[in-house]
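All residue numbers refer to positions in the sequence shown, counting from 1. Computed from a prediction, not measured in an experiment: that's the story for all the values here.
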Amino acid sequence: MDEDADHKSLVERVQDVAHTLTDTEQRLISELLKAPREIALGTSSEFAARLNVHEATTSRLSRKLGFATYAQFRAHLRDEFLRSSAPASRISATLSESRRQGFLPLLIEQEMAALGAVSDHVTDEQIVEAASMLDRARVFIYGHGNAETLVLLMERRLRRLGIVTLRLTGNRRDLAEQMLTLGRDDAVLLFAFRRQPPDYSRIMDVARDVMASTVTVSGTIGPSLQPKPDLLLSAPRAGSRESYQTLTVPMALCNAVVLALADRRGPDALAKLDRLGALITQFGD
């Protein structure tokens with residue numbers, strides 16, 4: 001393993017080999033990103049047992065990711081995900097002690113656990129980088145299924161900062177027409193969660209052809225998406241394997257990017273918001 005490869009993050013390693021992953025290996029990657037600390041502390045057989053696959057499958061995956069042995073793979077996970085485990089462990093213990101029966105308390109507990117783990121997967125530097133890449137005159141936004149909620153959220157919030165937003169929606173002919181004017185000075189913001197959306201690769205190919213910037217917000221499927229975006233913000237949407245999957249985590253990532261964008265745009269962004277307030281008053285309630 002060369003020195004450059006040794007410093008690559010888990011997500012970067014997965015992105016490098018995403019096109020070679022089998023369905024089983026993709027499931028293992030998704031499981032790994034849901035619980036990296038647990039898997040880092042466990043054995044190869046315990047990792048395999050989580051999805052009821054043969055232990056040899058986890059060993060093959062570790063080699064595919066660039067490690068000579070599973071032990072090296074596990075050591076890398078420990079270095080990447082257990083360095084700041086003390087605060088997370090305290091939060092986890094507190095949650096366990098305070099857990100109560102009921103739908104709302106349980107959901108709140110799970111969401112807090114998921115949000116508490118976000119910084120293991122996405123850094124503030126990446127949030128700032130995303131803001132820089134989306135600081136364009138126009139941003140094209142694409143999401144499928146439940147992700148359409150986040151498309152609407154970002155469409156409105158970017159527009160309030162003075163950015164022209166174009167929602168990519170409809171059939172493939174519609175998408176082709178909507179992307180006709182996409183150019184290198186634009187950016188594309190995409191969302192992908194349980195599986196790669198049907199038109200994700202086509203949109204990415206067009207963006208790459210015209211050299212437009214691409215940012216993807218995703219869950220554990222993120223590192224396996226092909227083609228890979230210029231920047232991936234990928235974090236598990238649930239605090240544990242059994243947790244209910246919601247949009248709280250990706251929405252938090254979106255809000256962080258919007259805040260970074262507002263900071264980056266400075267007085268101009270505030271002027272746009274002041275103008276919006278005046279327009280709302282003018283139009284009435």
Side-chain angles (χ1 to χ4, degrees), residues 1-93 95-96 109-110 113-123 126 192-196 216 218-226 228 232-245 249:
M1 185 162 54
D2 61 46
E3 187 174 347
D4 289 339
D6 191 47
H7 287 86
K8 285 187 175 181
S9 68
L10 175 64
V11 167
E12 289 173 324
R13 290 172 181 274
V14 174
Q15 288 180 316
D16 287 344
V17 300
H19 62 287
T20 71
L21 295 175
T22 65
D23 289 343
T24 299
E25 288 168 342
Q26 287 180 348
R27 289 170 55 218
L28 284 170
I29 290 295
S30 181
E31 185 67 22
L32 171 60
L33 292 175
K34 289 176 184 175
R37 288 196 184 99
E38 295 176 29
I39 292 171
L41 293 171
T43 65
S44 174
S45 59
E46 289 171 340
F47 183 18
R50 295 172 78 97
L51 291 179
N52 196 29
V53 298
H54 197 279
E55 184 177 352
T57 308
T58 59
S59 296
R60 282 196 299 270
L61 176 62
S62 67
R63 290 194 297 272
K64 186 172 286 190
L65 293 174
F67 301 97
T69 65
Y70 189 86
Q72 286 184 1
F73 168 62
R74 188 172 57 185
H76 179 90
L77 291 180
R78 289 176 176 177
D79 181 63
E80 183 171 350
F81 292 103
L82 296 181
R83 287 172 298 179
S84 58
S85 61
S89 297
R90 289 195 297 270
I91 292 173
S92 178
L95 289 173
S96 296
E109 175 186 322
Q110 293 173 344
L115 287 169
V118 169
S119 58
D120 288 339
H121 303 273
V122 179
T123 66
Q126 288 176 302
F193 297 115
R194 294 189 63 182
R195 57 183 61 86
Q196 181 158 314
T216 297
S218 181
T220 55
I221 191 65
S224 299
L225 295 170
Q226 286 292 308
K228 66 179 182 181
L232 174 66
L233 303 180
S234 174
R237 292 191 292 147
S240 69
R241 297 177 65 196
E242 296 79 17
S243 297
Y244 186 58
Q245 302 258 340
V249 167

Inset, instruction - Output all residues satisfying side-chain contact (heavy atoms from CB on, under 4.5 Å) with Ile221, sequence neighbours left out; order by chain, then residue number. - result: Ser218, Ser224, Leu225
Legend entry - Residues Gln126, Leu232; criterion side chain to side chain contact (heavy atoms under 4.5 Å, CB included); working and verdict: CA-CA 8 Å; Gln126 288 176 302; Leu232 174 66; over 6 Å; no
Once you round to the nearest 0.5 Å, how far does [atom1] of [X] lie from [atom2] of [Y]?
X      : Y      : atom1 : atom2 : result
Tyr70  : Ser62  : OH    : OG    : 7.5 Å
Thr22  : Lys64  : OG1   : NZ    : 5.5 Å
Gln110 : Arg237 : CD    : CZ    : 13.0 Å
Leu233 : Thr123 : CG    : OG1   : 8.5 Å
Arg60  : Leu65  : CZ    : CG    : 13.0 Å
Glu80  : Arg37  : CD    : CZ    : 11.5 Å

Short side-chain to backbone donor-acceptor contact, [X] and [Y], under 3.5 Å:
X      : Y      : answer
Arg78  : Ala40  : yes
Gln196 : Gln226 : yes
Glu12  : Lys8   : no

Please name the pair of heavy atoms, one in [X] and one in [Y], separated by the smallest distance, quoted to 0.1 Å.
X      : Y      : value
Thr58  : Ser44  : OG1-OG, 2.6 Å
Val249 : Ala235 : CG1-CB, 4.0 Å
Glu31  : Ile39  : O-CD1, 3.8 Å
Ser234 : His121 : O-CB, 3.2 Å
His76  : Ser9   : NE2-C, 4.1 Å
Thr43  : Arg74  : CA-NH1, 3.8 Å

Legend entry - Contact check, side chains of Arg194 and Gln245, non-hydrogen atoms, under 4.5 Å: no
Inset, instruction - Would you mind reporting whether Leu10 and Leu32 have side-chain heavy atoms less than 4.5 Å apart? - result: yes
Inset, instruction - Describe, in one word, how the ring planes of Phe47 and Phe73 are oriented to each other, choosing from parallel (under 30°), tilted (30 to 60°) and perpendicular (over 60°). - result: parallel
Inset, instruction - Please determine which of Val17, Thr24, Ile29 meets the side-chain contact (heavy atoms from CB on, under 4.5 Å) test together with Leu61. - result: Ile29
